[in-house]
Amino acid sequence: MLVRGSGRGWAGSLVVFFLLAGAGCASDPPNPKVVAEDRDEDRAARQLAKARETNDEARYRLLIERFPDTEAAGDARQELATIVAVQAEEAFKSGDPQTAEAKAVEAKIHGDLATTRKVQTILDQIDDQRSEKLADETADLAVQGRCASALKAVGTVMRKKPRQRFRDAVQKKTQTQLIECLGKKMDAAIAEGNVDQARMMLESKDATSSFSNEGYKLANLRLQKAIVRQSMGEIDPLLNARKWADAIGKIDALKAKGTFNPKERDVAFSIIQDAIHGVLKTMVDKSMTSKTPIADWAAIEKEAAFAQWKALPDDIVAAKKMLDVNIQCEKLGCKYQAPAKAWAWGEIPVHPRRDAEGSKSGDIAHADAIWVTAKSKTKWLVSKEKPEKTKGAELYQSVDGWAPAENFKKVDTETWLPPREQMVGVRIWGPLWDQKEKKDEYILGTVTKVDGTTLTVKRLTDSKETDVDWKDIFLGNFPKGMRVFAFCIDELHPEEAKILKVVSLKGANPRVKVDCTKGKKTRVEVGSGLSTRKAWLPKRKP
């Protein structure tokens with residue numbers, strides 16, 4: 001009995017134990033970290049609602065600072081960025097770049113990609129304005145010979161580590177002027193025997209801060225050239241006499257004697273290259289107006305060979321592009337003249353100014369006026385605008401190209417018919433009525449086909465095609481004062497009127513303003529509603 005009773009007691013204890021254990025699992029205490037995160041989300045959401053209600057930047061910033069990892073903080077960042085981006089734009093427009101910059105930077109920190117791009121445009125504009133102002137101030141100082149002040153103006157700003165766009169713009173705009181100004185000071189010091197003083201100028205903190213890496217190399221090269229030039233007294237006469245081979249031989253001899261080390265020899269050779277470069281620029285300038293530019297260019301290339309450049313200097317390449325116009329003129333046997341006006345008869349192709357035989361680069365429309373600055377038997381040098389200069393590179397920059405000479409006329413071709421082979425698509429006045437219609441008036445149509453002296457024309461009135469003889473057509477334009485018939489009073493009885501002006505030539509049916517004889521009123525008519533008489537049309541050519 002005792003054993004059996006003990007067994008039941010043990011089993012009952014197990015049941016009680018598991019029941020108690022189960023009850024304990026169901027009532028585990030909550031995770032404090034999760035509770036805190038939920039509480040932060042609630043608080044942040046309430047803060048966001050208040051910020052939105054008041055549109056208060058301070059509330060947005062406080063939310064982001066106190067609850068940075070919440071979902072509400074993410075929304076707050078973007079909304080704050082949108083607000084300050086607008087403020088940045090307004091500040092910039094009102095002439096307050098400091099405020100605009102601060103707001104734009106904050107918008108970039110918090111905003112999405114679109115907002116970042118928007119405010120970056122503002123920052124770019126601020127950098128452009130500031131770099132332009134600093135460059136102008138530096139240029140004034142450099143022109144006055146105040147190199148230390150110019151370098152300090154730039155160097156001080158650069159040591160503050162401005163944005164790259166600003167840095168690049170300032171260095172690009174000031175580099176040449178600073179090198180030239182500093183170079184003159186270094187030249188003067190070296191001429192007096194103060195080489196160390198010249199080096200100190202270039203090694204100053206303002207100089208090292210002001211120049212880009214490339215700019216510093218150029219300034220250092222300027223210094224090295226000035227130092228080396230002190231030992232080139234024997235070479236200068238050779239450079240003045242353009243005896244390049246002898247000059248190169250002399251610096252090689254100085255290197256062999258130990259007067260120049262290899263680096264100094266290279267610097268000395270760059271001085272010879274500079275002298276050759278200067279001579280080439282003079283030669284090219286003279287060749288711009290020479291009657292023998294082909295031979296001139298051959299001589300230029302011969303001189304340039306001594307410099308041993310991998311490629312010609314950029315300014316010589318640019319000058320050659322202009323000189324090519326004069327070379328083309330010599331090839332064609334053309335002669336220059338004061339700009340004279342001419343008019344196109346039909347559409348005329350234009351070929352590149354550097355290659356009169358090349359593929360066409362454009363067209364001159366029928367009746368367009370152009371200016372002629374040079375003529376050969378076959379081609380004219382033309383431009384759509386009157387050139388301000390009549391010779392040299394400035395003339396060549398303003399011309400459009402070479403065009404065949406045969407279809408230019410000395411008189412206005414506005415009322416001329418184009419050449420017959422170009423007539424398809426041209427609008428004309430003609431007696432386009434069927435035989436049964438037996439009307440005398442001329443109406444408008446568009447040429448669709450040319451067969452000898454017979455033209456097929458589509459009428460503007462109804463798109464019906466009819467054939468007409470070449471001798472019976474006139475160009476379908478609307479010179480001011482031309483007499484026409486228009487529906488001035490009603491839509492059934494055309495009355496006499498005069499053309500005042502063209503309103504629109506777009507589309508197949510042009511619109512013109514007319515002055516009605518009856519009623520003394522003006523109205524706009526479509527081309528298909530007009531007719532005229534042969535006697536009223538301008539005299540046709542050819």
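Hydrogens, waters and symmetry mates are skipped; everything else that's a heavy atom, side chains included, is used.
Note that the CD1 atom of I179 and the CG atom of L221 stand 9.5 Å from one another [nearest 0.5 Å]. The structure places CD1 of I300 at 6.0 Å from CG of L323, a figure rounded to the nearest 0.5 Å. Here CH2 of W470 is found 12.0 Å from OG1 of T454. Values are rounded to the nearest 0.5 Å. Within the model, atoms CG of D168 and CZ of F166 stand 11.0 Å from one another, a figure rounded to the nearest 0.5 Å. Taken to the nearest 0.5 Å, the CD1 atom of I109 stands 13.5 Å off from the OG1 atom of T115. Here the NZ-CD1 distance, from K386 to I370, works out to 13.0 Å after rounding to the nearest 0.5 Å.
Between the side chain of T413 and the backbone N or O of A344, at least one donor-acceptor pair lies under 3.5 Å. No donor-acceptor pair under 3.5 Å is formed between the side chain of K379 and the backbone N or O of G401. For the pair Q337 (side chain) and V372 (backbone), a donor-acceptor distance under 3.5 Å is present. Distance alone, capped at 3.5 Å, places no donor-acceptor pair between the Y336 side chain and the T289 backbone. The closest donor-acceptor contact from the side chain of R540 to the backbone of I473 lies under 3.5 Å. Using modelled atom types, one side-chain atom of Q144 and one backbone atom of D140 make a donor-acceptor pair closer than 3.5 Å. Judged by distance alone, the side chain of E525 and the main-chain N or O of A486 form no donor-acceptor pair under 3.5 Å. Panel note: side chain N477, backbone E414; a donor-acceptor pair is recorded below 3.5 Å. Under the 3.5 Å distance criterion, the side-chain polar atoms of D296 are left unmatched by any main-chain donor or acceptor of K286. A donor-acceptor distance shorter than 3.5 angstrom exists from the side chain of W402 to the backbone of R353, with no hydrogens or angles considered.
Heavy atoms from other residues, nucleotides or ligands lying under 6.0 Å from NZ of K409 number more than 12. Heavy atoms from other residues, nucleotides or ligands lying under 6.0 Å from CG of N213 number 12 at most. The 12-atom threshold is exceeded at CD of Q98, counting heavy atoms of other residues, nucleotides or ligands nearer than 6.0 Å. The number of heavy-atom neighbours closer than 6.0 Å to CD of E406, taken from other residues, nucleotides and ligands shown, is above 12. Annotation for E421: atom CD counts as buried by contact number, over 12 foreign heavy atoms lying within 6.0 Å. R130 CZ: more than 12 foreign heavy atoms inside a 6.0 Å radius. In this structure, K513 places its NZ atom where only 12 or fewer heavy-atom neighbours from other residues, nucleotides or ligands lie under 6.0 Å away.
Closest heavy-atom contact between G445 and L460: CA-CD1, 3.7 Å. A91 and A100 make their closest contact through CB-N, 3.7 Å (heavy atoms, listed as atom of the first residue, atom of the second, distance). Closest of all the heavy-atom pairs between A367 and W343 is O-CD1, 3.7 Å. For K281 against I316, the heavy-atom pair with the smallest separation is CG-CD1, 3.7 Å. The shortest non-hydrogen separation linking V105 to R163 is CG2-NH1, 4.5 Å. In plain terms, the two heavy atoms of L500 and K480 that are nearest each other are O-CG, 3.5 Å.
K320 and D324 are joined by a salt bridge, as a carboxylate oxygen and a charged side-chain nitrogen come within less than 4.0 angstrom of each other. Contact check on D124 versus R165 returns a salt bridge, with a Lys/Arg side-chain nitrogen under 4.0 Å from an Asp/Glu carboxylate oxygen.
Shown here are the side chain to side chain donor-acceptor pair (under 3.5 Å) partners of D490, two or more places apart in sequence or in another chain: H493. The side chain to side chain donor-acceptor pair (under 3.5 Å) check on D515 picks up nothing, with sequence neighbours excluded.
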- Item | E385/S398 under side-chain hydrogen bond (donor to acceptor under 3.5 Å, both in side chains): CA gap, chis, key distance, verdict | CA-CA 8 Å; E385 301 293 333; S398 65; over 6 Å; no

- Task: Kindly indicate, with the supporting measurements, whether the criterion side-chain hydrogen bond (donor to acceptor under 3.5 Å, both in side chains) is fulfilled by S383 and D400.
- Result: CA-CA 5 Å; S383 56; D400 294 317; 5.2 Å; no

- Task: Go through K103 and E57 one step at a time and tell me if the side chain to side chain contact (heavy atoms under 4.5 Å, CB included) criterion holds.
- Result: CA-CA 11 Å; K103 296 292 184 181; E57 299 169 49; 3.2 Å; yes

- Task: Evaluate the side chain to side chain contact (heavy atoms under 4.5 Å, CB included) criterion for residues K108 and Q120: first the C-alpha distance (whole Å), next the side-chain angles of each, then the deciding distance (0.1 Å), finally the verdict.
- Result: CA-CA 8 Å; K108 281 189 72 174; Q120 185 61 52; 2.6 Å; yes

- Task: Mind running side-chain hydrogen bond (donor to acceptor under 3.5 Å, both in side chains) on W244 and E303 for me, showing each step along the way?
- Result: CA-CA 8 Å; W244 315 123; E303 294 284 311; 2.6 Å; yes

- Message: Could you walk me through whether V284 and M322 satisfy the side chain to side chain contact (heavy atoms under 4.5 Å, CB included) test, starting with their C-alpha distance in whole Å, then the side-chain angles of each, then the deciding distance to 0.1 Å, before giving a yes or no?
- Response: CA-CA 10 Å; V284 170; M322 294 300 103; over 6 Å; no

- Message: Would H366 and Q422 count as a side chain to side chain contact (heavy atoms under 4.5 Å, CB included) here? Give the steps.
- Response: CA-CA 10 Å; H366 173 68; Q422 294 186 18; 5.6 Å; no

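Each of T82, V84, I83, L80 was checked for a side-chain contact (heavy atoms from CB on, under 4.5 Å) with H110, and the lone residue meeting it is L80.
The list of ring-ring contact (aromatic ring centres under 6.0 Å, His included) pairs with a residue in residues 495-542, not counting sequence neighbours, reads F485-W536.
The shortest side-chain heavy-atom distance between P404 and I348 falls under the 4.5 Å cut-off. A 4.5 Å side-chain heavy-atom check between W345 and P419 finds at least one atom pair inside the cut-off. Side-chain contact between C334 and L381 is absent, with no heavy-atom pair separated by less than 4.5 Å. For the pair V514 and V512, the minimum side-chain heavy-atom distance is below 4.5 Å. Side-chain contact check for P293 versus E330: some heavy-atom pair is nearer than 4.5 Å. W429 has its side chain within reach of L444: a pair of non-hydrogen atoms, C-beta onward, lies under 4.5 Å apart. Using a 4.5 Å heavy-atom threshold, the side chains of K541 and T415 count as separate. Q273 has its side chain within reach of W309: a pair of non-hydrogen atoms, C-beta onward, lies under 4.5 Å apart.
Side-chain atoms of T138 and Q177 form no donor-acceptor pair, as typed in the model, at a separation below 3.5 Å.
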